[in-house]
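Remarks on the structure that follows.
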Amino acid sequence: MSNVFTIPVVLGIIYSGLRLATPYLYAAIGEAFAQNSGVYNLGVDGIMLMGAFSGFYVGMKTGNLWWGLLAAMGVGLLMGLLMAVVSVTLKAEQGISGIGLYMFGLGLSSLLFKKTMSGVESISGFQPVRIPLLGNIPYLGDVLFNHNLLVYGAFLLVPLASFILYKTPFGLMIRAVGQNPQAADTLGINVDRIRYITVSLGGMLAGIAGASLSISLINLFQENMTSGMGFIAIALVYFGSWRPLGILGGALLFSFVNALQLWLQVLGVNFPYDFAVMLPYAMTILALAISVRRAAMPDALGKPFERGEF
Amino acid sequence: GPAATPAPTQAPEKPLRVAIVMPSSITDMAFSQGMYEALVKVQQEMGGPSKMEIAYSENMFKVPDAAAAIRDYASQGYDIVIAHGSQYGTSLAQIAPEFPNTTFAWGTATDTFADQGIKNVFAYNPSAEQGGYVLGTIAALMSKTGVLGVCGPVEAGDAKTYVDGFKYGAEQARPGVKVQVTYTGSFSDVSLMAAAAETHIAAGADMLTGSSQSVVGAIGVAKEKGAKWFGQQWDQTSLAPDIVVASQVYDYTSIIKDMIAKRKAGTLGGVAYTLTLANGGLTIKYNDRVPVPPEIKAKADEVIKGIIDGKINPLP
Amino acid sequence: MPQRSEIKRMLNQVFEAILPILAVPVALIIGALILLLLRANPGVAFTALVQGAVGSTFSVTQTLVKATPLLLVGLGITIAFRGGVINIGGEGQIIVGALSATALALSFSQWPGAILLPLCLLVGTLSGALWGAVPGVLKARLGVNEILSTIMMNAIALQLSNYLLRGPMIDPAEIEAGTRIAQSALLPRQAWLPRLVPQTLLHAGSILALVMAVLVYIFLWRTTIGYRIRAVGLNAQAARYAGIPVPVYQALAITLGGAFAGLAGAVEVMGVQRRMLEGLSGGYGFSGIVAALFGNLHPLGTIPASVLFGGLLVGADKMQRAVQVPSAFVDTLMGLIVLFVVSSRIWAVRRARRRETYE
Amino acid sequence: MSTQVLGLDGRLPTGQMRIEEMRMVGIVKRFPGVLANDHVDFDVRAGEIHALLGENGAGKTTLMRQLYGLYRPDAGKILINGVEQHFNSPQDAIRAGIGMIHQHFMLVPSLTVVENVALGLKSSRGILLDLDRVEKRVRELSEQYGLKVDPKAYVWQLAVGEQQRVEILKALYRGAALLILDEPTAVLTPQEVEDLFRTLRQMARDGHALIFISHKLHEVLAISDRVTVLRDGRVVGTRPTHETNKSELAQMMVGRPVILQYERPPAQLGEVRLAIENLVVGGDRGHDAVRNVSLEVHAGEIVGLAGVSGNGQRELAEALAGLRPVKSGRILLCGKDITHEPPGARIALGQSYIPEERLRDGTIKQFSVADNLILEDHHKPPFSRKIFLDFNAIREISERLVREYNVKTPSVDTPVKNLSGGNIQKLILARELSRRPKVLIASQPTRGVDIGATEYIHQRLLEQRQAGTAILLISEDLDEIRALSDRIAVIYEGEIVGIVDGPSATAEQLGLMMAGVREGGQHHLEKIRL
Ligand SMILES: Nc1ncnc2c1ncn2[C@@H]1O[C@H](COP(=O)(O)OP(=O)(O)OP(=O)(O)O)[C@@H](O)[C@H]1O
Ligand SMILES: Nc1ncnc2c1ncn2[C@@H]1O[C@H](COP(=O)(O)OP(=O)(O)OP(=O)(O)O)[C@@H](O)[C@H]1O
Ligand SMILES: [Mg+2]
Ligand SMILES: [Mg+2]
């Protein structure tokens with residue numbers, strides 16, 4: 001199999017990899033905001049499903065994808081808000097409330113789908129936009145600069161999130177609240193409010209992640225169409241040590257390996273495909289195991305904040 | 001068999017009660033929807049809910065839940081209880097003897113448990129390789145690039161037999177054709193299925209097919225990239241009317257009607273149905289909007305005939 | 001006097017324990033509203049729910065059948081969480097436990113049950129433990145986050161199972177019949193866990209799970225190893241200072257967690273399905289987490305929690321049939337119940353605190 | 001309320017309005033089971049340093065947290081310049097000109113100094129951080145008040161003294177006119193204390209109002225203008241500092257006379273129990289924190305390790321406990337080479353360790369008193385048989401220890417988190433000493449502990465010495481070191497600069513060594529000692 005890495009294959013891997021990475025990026029970066037402020041939300045997958053449904057449904061009914069996207073954002077935001085109420089105000093155990101939210105989102109999205117639509121339908125999603133000049137670069141122009149807006153958006157989100165987290169007072173507050181909420185509190189920062197904002201923002205981005213499937217990449221809605229992507233997105237946050245750039249690395253690794261394994265199958269490389277399918281998962285563990293890094297986990301992750309608990 | 005003709009003069013007859021337990025959803029555009037819609041169709045033919053009542057339990061992928069549902073329907077007096085999932089077999093073998101007056105149907109399977117002395121179970125099984133062979137033939141002949149892509153979920157069940165038939169048919173129709181097969185390892189991973197289709201297309205495939213509810217992802221990609229699609233299990237034309245060439249459709253109506261008739265005649269089970277092209281359980285549905293060149297269509301008809309006659313064995 | 005205050009204290013504790021359960025009706029009310037929107041009759045629906053869970057001998061056994069894997073997985077989750085590690089790998093651990101028990105039973109189908117049956121349970125447990133040990137050791141030695149690795153291990157186990165069930169372990173009858181369903185052959189009879197009530201699925205695994213719950217309680221609170229696991233979970237730093245090798249005990253906690261999930265898998269195969277097939281883990285790896293947390297991460301609390309949760313799941317299925325609402329309604333309702341119950345904890349905590357203040 | 005206007009226009013050098021007078025009247029604060037503040041009256045004026053004294057749990061921190069808006073009083077009021085205040089959050093208090101240096105530092109270790117200061121403030125550049133501008137101002141302030149710190153360093157890289165300066169800078173930056181310092185000296189070295197005092201005095205001169213909490217009487221006498229003593233949540237009395245003395249204050253705090261001098265029989269030296277040979281240990285910042293240290297501790301002696309904080313004591317202690325890898329050199333415990341053994345092995349050989357961070361490292365706060373008492377020996381008889389814990393034995397022994405070591409707790413089943421700091425320290429002491437250790441390493445055993453408990457702990461350590469234990473006492477409190485040690489080793493920049501005889505060592509001599517024989521060390525120390 002010496003001819004595996006030919007130019008078309010590499011280009012194909014890049015193209016598919018970028019598309020596969022798109023929903024993960026939105027969801028994982030959203031989750032990174034929440035986690036950096038100390039809240040982990042295991043309900044991402046449920047929010048993605050709700051986002052996927054509402055984006056699709058509204059997009060289809062209005063005939064305007066932007067309304068669909070807006071609806072997905074709004075629904076994601078509301079679900080994030082729900083998570084915030086439960087985990088921040090009511091101080092519920094975050095792991096369990098996240099799982100509750102996941103089940104709720106999984107169920108409700110299917111329920112709404114069943115009640116509003118007669119079956120799976122497809123729409124025409126966001127169309128590829130070729131970026132002037134860059135899009136004309138031979139070979140690379142096609143695979144890098146001829147995607148639809150939501151794909152570009154996912155990658156632009158990475159520097160934007162980095163900027164917010166590391167260059168703005170708001171980002172500083174987020175990180176402080178996640179590392180030492182008591183300290184932030186004594187400086188008059190409203191810990192709960194920051195967490196509300198990040199968890200809702202995380203929900204909104206998870207909503208977009210879902211919409212990226214239903215109105216930009218696959219252009220239809222089907223029950224449980226994320227099939228656990230939200231959980232992988234959470235794993236990517238850990239993989240990326242809570243930094244947008246790290247998450248980008250993780251999402252690309254995961255997606256490129258996934259694209260690669262499909263290519264291996266297409267090219268007829270002779271080994272059981274099950275092991276090919278395992279590759280991205282195994283690689284992700286392996287990559288973490290061999291890269292020695294300082295634990296960057298926010299100290300207060302998962303701990304509800306209560307004033308006076310010193 | 002013909003549908004039971006209702007006796008017009010008699011007092012209001014109690015409707016026939018049919019229940020079905022399915023592992024996925026009634027809108028999966030594949031395995032479960034096929035059976036559910038067949039029931040609905042039979043219901044309409046029989047004259048609506050007043051003549052035939054349908055109850056269903058979907059997404060019963062946990063076998064104990066399904067077993068409970070099957071038992072529950074039987075004890076509620078449903079006449080026919082369909083266990084639409086091969087994984088339900090073991091449970092069904094235990095439940096069926098307890099309800100000797102209920103008709104059970106189990107598929108996809110070939111065993112009616114007759115050897116265990118059970119008399120009230122029908123079995124049904126699609127010979128998916130037959131339609132696979134036909135569609136493989138058409139795809140191979142229509143392909144400009146000579147490369148076909150198959151998007152499989154997990155290499156098992158009718159997904160496997162379909163793929164094997166498709167591949168074999170293609171290779172027989174056009175020696176030298178390249179059939180690329182991928183599996184995503186999941187019945188539900190739409191996104192990976194889409195990537196699989198992308199990969200096939202990037203590797204030169206212009207004709208795609210696949211199986212399971214997750215192929216909707218692949219169909220979306222095919223539509224975007226202008227590749228042609230061949231459907232399996234369910235007519236997938238509605239999803240992408242411009243690219244679906246033909247679909248192998250599982251048509252359970254005839255076996256449902258036959259089971260109803262047999263029940264009326266006092267036979268509650270013991271027959272193992274096979275859905276084939278010959279008995280109309282499998283049909284090839286063309287999409288008028290994507291015309292197949294006449295010579296290829298002719299070739300397909302020839303192949304269908306060969307399979308029906310037993311001259312062509314759709315599996316190598 | 002001391003007697004009376006003692007009783008009052010106990011009553012208070014009981015009240016606080018059941019307070020979260022009072023949240024269930026609130027969730028049901030919202031569920032009822034959704035039902036109305038779906039044009040289903042909530043009265044009929046909820047009657048069916050209760051009937052489905054406890055309405056007949058069969059439904060009671062069904063609830064218990066469901067509670068069994070929830071309890072076993074929940075016990076494993078309890079140990080892991082008590083040791084400060086988050087095990088999301090239940091699904092994968094169940095699968096490998098079930099796979100290996102099946103493989104063993106099929107390979108040595110001529111062995112007598114007295115040997116084969118316990119051995120299958122043991123091997124299932126051990127392979128689950130192994131599947132848990134991988135993230136455990138990765139965390140202990142290399143600091144790989146266990147949330148990440150257990151999620152990944154789930155996917156790997158799933159593919160492993162896919163591979164084995166369509167290839168090496170597939171039921172020869174499936175190949176013969178050409179149906180090629182990905183499932184193993186039926187286990188030999190002597191590897192079946194006996195049924196407790198004829199004509200039901202209730203099997204001896206339920207008793208095993210109860211025994212295990214007591215053993216886990218004893219283990220966590222009465223043994224030195226359990227003490228160490230709890231110490232590590234509550235304050236790893238202090239445990240380290242006290243000479244407890246923290247990574248070892250973290251790895252042990254997640255390994256034991258895997259062991260119980262593996263056992264759940266073996267029990268599910270040997271007691272319910274009697275063959276390995278796809279989807280056997282059925283989400284118990286996740287719902288077991290919920291059961292464990294409902295049970296306050298206490299082995300004995302997990303018993304009623306898993307029965308409650310199992311009953312809700314079984315009853316909800318019945319409800320689906322009774323009013324013919326999509327199965328998705330069940331997920332929605334479960335999600336609501338989890339959210340409400342977990343949110344209601346705060347009132348119990350606040351109450352306890354107020355009491356302390358004014359007593 | 002008369003507010004006398006001092007200074008030019010009632011402004012501080014930072015430009016902030018002065019707080020001429022702050023009064024707390026009749027403050028009541030309840031916690032579950034505790035009346036933490038019982039009608040407390042307290043006031044402070046501009047230009048004044050008012051000290052607040054009291055045993056552990058007397059209610060000092062609680063009172064101040066109300067002033068800082070962290071808790072709301074159950075009753076009573078807070079007046080600033082005669083105007084009643086209603087603080088709902090620290091934000092309100094900060095706006096009113098109040099700053100607080102908390103007993104446990106409130107810094108985010110993963111952020112830099114400047115980021116910590118800028119945290120929560122409006123940026124002059126809108127949505128962009130204006131760290132350059134903050135840094136400039138931080139430099140100005142640190143110049144003005146003599147608070148030396150590298151604005152670009154990460155907080156985790158800083159020594160405690162520096163961290164505290166960051167805390168003060170944070171408060172000043174926010175324009176604190178009234179600064180509360182809750183046990184600011186507990187973790188400081190004499191040098192750092194002296195620097196801090198210089199800063200505080202200057203702030204007072206400039207018109208700040210200061211509240212100073214400490215357990216160290218000599219510090220209170222040195223720095224404050226007035227002293228208020230709390231006991232069990234009530235005010236015992238307020239005195240002008242120059243009218244009171246150590247023993248009066250001690251008596252007010254504890255309710256009984258306190259011995260401040262210990263009887264110490266001559267040491268009965270036994271064999272070498274702990275031998276440290278040419279030890280090199282790495283620090284967190286990649287440098288060698290302990291450099292070529294050699295030291296022996298005999299049975300029946302207390303060796304004090306004195307030094308300014310951040311000179312390798314912590315790393316040395318952790319290496320001895322087996323918590324930090326050794327780069328080179330050896331550690332012998334009772335003759336056995338344990339250099340690379342894990343903590344468990346050392347504990348098994350008879351080493352006990354009292355960690356510096358008692359809440360974090362010494363106890364499991366959710367565990368009960370009894371469970372904490374068996375933390376190290378739970379796997380051995382009498383606490384367990386085979387792998388099973390023996391609850392009767394555990395209860396019996398715990399109850400005895402609680403009695404013997406005077407740990408104030410409702411029962412042995414009470415979670416440790418409900419105990420006060422001093423009692424937690426006694427509990428750790430009970431655990432470590434009751435094991436009859438061959439070697440005891442005690443790291444800052446009385447830090448933050450009130451004088452009653454300190455006295456108690458000292459007595460116990462001396463008893464242990466009599467019983468033949470080899471004790472290494474690591475402390476930054478020179479009083480403590482001198483009162484207890486038979487020999488004193490002084491550590492400076494990771495090296496032992498000298499070992500002197502304990503009883504005859506003078507503060508001056510030690511001070512010079514601790515300063516690495518720097519110019520002026522003697523002078524500084526004298527000033528603090530009074
Ligand atoms: N958040 C809280 N919840 C419950 N009880 C508390 C809380 N904070 C303080 N207490 C109790 O209030 C009392 C006063 O505590 P406080 O912290 O004010 O004491 P302190 O004088 O600062 O002691 P120390 O000298 O140890 O710092 C103690 O009995 C303590 O147990
Ligand atoms: N949630 C709480 N419940 C009960 N008591 C508490 C709580 N939080 C703090 N306390 C008590 O408040 C008091 C003050 O706490 P703090 O952390 O200031 O300890 P401390 O006694 O001052 O010891 P140190 O100064 O050595 O840290 C302690 O007695 C502690 O036990
Ligand atoms: Mg205090
Ligand atoms: Mg204190």
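Since the model is a prediction, treat every value here as computed from it, not as a measurement. Just so you know, these numbers use all the heavy atoms, side chains as well, and skip hydrogens, waters and symmetry mates. Every chain is numbered from 1, with letters handed out A, B, ... down the list of sequences.
- The choice from L336(C), I337(C), L158(C) that makes the most heavy-atom pairs within less than 4.5 Å of chain A is L336(C).
- Only the side chain of I34(C) comes within less than 4.5 Å of a heavy atom in chain A; its backbone stays farther off.
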Checklist entry - Checking side chain to side chain contact (heavy atoms under 4.5 Å, CB included) for the pair N162(C)/V277(A): CA distance, chi angles, key distance, verdict? => result CA-CA 11 Å; N162(C) 278 346; V277(A) 176; over 6 Å; no
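- No option in F239(A), Y281(A), F231(A) other than Y281(A) meets the side-chain contact (heavy atoms from CB on, under 4.5 Å) test with M152(C).
- For the atom pair M334(C) CE and L106(A) CG, the distance stands at 12.5 Å (nearest 0.5 Å).
- Contacts between L333(C) and chain A at a heavy-atom distance below 4.5 Å are absent for every atom of the residue.
- Looking at V338(C), V341(C), L339(C) one by one, the single match for side-chain contact (heavy atoms from CB on, under 4.5 Å) with S97(A) turns out to be L339(C).
- Side-chain atoms of R166(C) and D274(A), non-hydrogen and from C-beta on, do get closer than 4.5 Å to each other.
- For chain C, the nearby part of F275(A) is the side chain; its heavy atoms alone come within less than 4.5 Å.
- Looking only at distances, no side-chain donor or acceptor of S343(C) sits under 3.5 Å from a matching main-chain atom of V86(A).
- Between L38(C) and L111(A), the closest side-chain pair of non-hydrogen atoms falls below 4.5 Å.
- Here the shortest heavy-atom pairing between M103(A) and G335(C) reads CB-CA, 3.7 Å.
- Between I151(C) and A235(A), the shortest heavy-atom contact is CD1-CB, 4.4 Å.
- The CD atom of E223(A) sits 9.5 Å away from atom CG of D331(C), with the distance rounded to the nearest 0.5 Å.
- Within the 4.5 angstrom heavy-atom criterion, only side-chain atoms of L138(C), from C-beta onward, approach chain A.
- Annotation: maximal heavy-atom pairing with chain C below 4.5 Å, among P280(A), A282(A), G107(A), S109(A), occurs at G107(A).
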Next on the checklist: Test side chain to side chain contact (heavy atoms under 4.5 Å, CB included) on F286(C) and L42(A); report intermediate values, then the result.
Outcome noted: CA-CA 11 Å; F286(C) 287 103; L42(A) 290 184; over 6 Å; no
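- Here CG of L148(C) is found 11.0 Å from CD1 of I234(A). Values are rounded to the nearest 0.5 Å.
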Next on the checklist: Applying side chain to side chain contact (heavy atoms under 4.5 Å, CB included) to I285(A) and M153(C), what does each step give before you reach the verdict?
Outcome noted: CA-CA 9 Å; I285(A) 298 185; M153(C) 290 296 282; 4.0 Å; yes
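- Note that CE of M297(A) is 6.5 Å distant from CG of N145(C), once rounded to the nearest 0.5 Å.
- Neither the backbone nor the side chain of S87(A) comes within contact range of chain C; no heavy atoms are under 4.5 Å apart.
- Looking at F113(A), there are no atoms closer than 4.5 Å to chain C (heavy atoms on both sides), in backbone or side chain.
- For L112(A), no part lies under 4.5 angstrom from a heavy atom of chain C.
- With a 4.5 Å cut-off on non-hydrogen atoms, I86(C) touches chain A through its side chain but not through its backbone.
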